[in-house]
Number of protein chains: 2
Amino acid sequence: MRAEDRRELVLAEATRIFGSYGYVGATTHQVAEAAGVSQPYIVKMFGTKENLFLEVLGRALDCLMTAFRAEVADETSTQPLGARLGLAYVNLVSQTGMLLSLMHGFVLGADPCIGPVARAGFMTVYRFLREEGGFSPEESHAFLADGMLMNTMIGLRMTDDYGTDASVDELLTTTFPNKLELIRSKADPAPSGGATSPAAGAPADGTPDTA
Amino acid sequence: MRAEDRRELVLAEATRIFGSYGYVGATTHQVAEAAGVSQPYIVKMFGTKENLFLEVLGRALDCLMTAFRAEVADETSTQPLGARLGLAYVNLVSQTGMLLSLMHGFVLGADPCIGPVARAGFMTVYRFLREEGGFSPEESHAFLADGMLMNTMIGLRMTDDYGTDASVDELLTTTFPNKLELIRSKADPAPSGGATSPAAGAPADGTPDTA
DNA sequence: GTGCTTAGTTATCAACCGATCACTTAATGG
DNA sequence: CCATTAAGTGATCGGTTGATAACTAAGCAC
């Protein structure tokens, strides 16, 4: 396979793995297995695990900004931009792991290499909202806060508990007003081995991943 | 030292360490060193690293709920409850690591042991807002979203960049309307070594194979 | 068919991490 | 004085993990 194609495949799988297990928790071996190559080849391609993660973060941010800019450019819609951007954000959940990888980057601010990149990435989004989106500081704040709560719900796998508790349903419904079904169907089907301890893998109740 | 006192000390240090490095990234050795005991003693006290983290999460949630309930019970204030709870939340930053440890728990939803606990903890806060705080679903949503953005700013160590960029200052000012100074003064003074790889410094030249 | 590049592998290492076990030290109580 | 218990350590081990080095196989120009 062409190296460049292989690289894209690896990055896609790495995004999924990092999203599920976090930067520290994910292993280059897991990525290698998912991409169908040997573990040393992953290291050879990216130099270090850290570089791989940074590239995953960069890709995720690029993808996010591309989706946002498409909404700004779209002049056919009558919806307010805020709602359209929110919808675009939620739709990114279908790219499994992307938002979660970003989220994992957001808690690594203390890391001397990842921290600055994560901060810069977040500020890229903020400046986009202010400068290209025409949002006020308060509107930007509210938009980002909403997004962070969505991320938290996804990171918590709160959708796994949907239907088991009225409060959970209420919270999820207000967090994802229109797209709850999408979230539930596209949510990670629970990593096989568990995030840290390789315990049992009972398939839980049947949530067919048919989108 | 009395075992119970030692235990409290260990839990306090563990909260700091887990907040800085995350669940996977933190090591029992780091906690032991910070608490001034040997690493095997940490394991002996809590059985497993996982149990230690779960106890840290439980303590953090207890502390949060105690602070919130104190605000609800306080009838001397004329401020609206939402603002008071928000202020109480920000004040918790002074207990370094507490909010960050919670945040790290919130991205471990996929973990078969930690996930359920983290979800239950989040829902405890939600139910408190709805039932004891008298918040509507929408008010609760907005409050939690605000909190998650604050957590993200803290996790990103965005305050490290305060003063270097007008956008950063604007974002931080709208996120922490009154308490920015507190946040900045109480923020973790940046962990000594690298946050994840103790090999920080010289090597890691990470040149990805100039094939 | 030889030499060169591209795309990969196998084998292995040094370091680390959580956990276990045996041992020790200090106080307490009769 | 001695037994018991509480508090805690040193040594060490098995399993991982990221990274390195050496090797290989396919394609291809000439």
Next on the checklist: Checking A:Glu4 against A:Arg7 for the salt bridge (charged side-chain N to carboxylate O under 4.0 Å, His left out) test, could you report, in this order, the C-alpha distance in whole Å, the side-chain angles of both residues, the deciding distance, and whether it holds?
Outcome noted: CA-CA 5 Å; A:Glu4 198 172 330; A:Arg7 188 183 177 87; over 6 Å; no
Next on the checklist: Over all strands shown, is B:Ala35 touching base, sugar-phosphate only, or nothing at heavy-atom distances under 4.0 angstrom?
Outcome noted: nothing
Item to check | Interatomic distance where NZ belongs to B:Lys49 and P belongs to C:dC17 [whole Å] | outcome: 9 Å
Next on the checklist: Within this structure, what is the CG-CZ distance for the pair B:Leu171 and A:Arg127, rounded to the nearest 0.5 Å?
Outcome noted: 10.0 Å
Next on the checklist: Taking any atom closer than 4.0 angstrom to a non-hydrogen atom of chain A, what span of DNA chain D does the protein reach, first nucleotide to last?
Outcome noted: D:dT17 to D:dA22
Checklist entry - More 5' along DNA chain D: B:Glu4 or B:Pro40, using each one's nearest nucleotide? => result B:Glu4
Next on the checklist: Between A:Met153 and A:Thr159, is there a side-chain heavy-atom distance shorter than 4.5 Å?
Outcome noted: no
Item to check | Test log, rule salt bridge (charged side-chain N to carboxylate O under 4.0 Å, His left out), inputs B:Glu8 and B:Arg2 | outcome: CA-CA 10 Å; B:Glu8 291 304 315; B:Arg2 280 291 314 261; over 6 Å; no
Checklist entry - So what does A:Ser38 touch, heavy atoms closer than 4.0 Å: a base, only the sugar-phosphate, or nothing? => result base
Item to check | Gap between atoms CZ and P, on B:Phe18 and C:dC17 respectively (whole Å) | outcome: 13 Å
Checklist entry - Could you give the CD-to-C1' distance, from B:Gln30 to C:dG18, as a whole number of Å? => result 13 Å
Next on the checklist: Counting the atoms with a prime plus P, OP1 and OP2 as sugar-phosphate, which does B:Ala32 contact under 4.0 Å by heavy atoms, base, sugar-phosphate, or nothing?
Outcome noted: nothing
Checklist entry - Atom CD1 of B:Ile42 and atom P of C:dT20: how far apart are they, to the nearest Å? => result 15 Å
Item to check | Atom-to-atom span, CZ of B:Phe53 to C1' of C:dA19 - whole angstrom | outcome: 20 Å
Next on the checklist: For C:dA7 and A:Arg6 - does any side-chain N or O of the residue sit under 4.0 Å from the phosphate oxygens OP1/OP2?
Outcome noted: no
Next on the checklist: Rounding to an integer number of Å, can you tell me how far B:His29 NE2 sits from C:dA19 P?
Outcome noted: 15 Å
Checklist entry - In terms of heavy-atom contacts, does CD of B:Glu33 have more than 12 from other residues, nucleotides or ligands at under 6.0 Å? => result no
Item to check | Distance, rounded to the nearest Å, where B:Gln39 contributes CD and C:dC21 contributes P | outcome: 14 Å
Checklist entry - Looking at B:Phe143, B:Phe68, B:Phe135, which hits ring-ring contact (aromatic ring centres under 6.0 Å, His included) with B:Phe128? => result B:Phe68
Next on the checklist: Looking at A:Glu139, I want to see if its CD is surrounded by more than 12 non-hydrogen atoms of other residues, nucleotides or ligands under 6.0 Å.
Outcome noted: yes
Checklist entry - C:dG8 P sits how many Å from A:Tyr41 OH, rounded? => result 4 Å
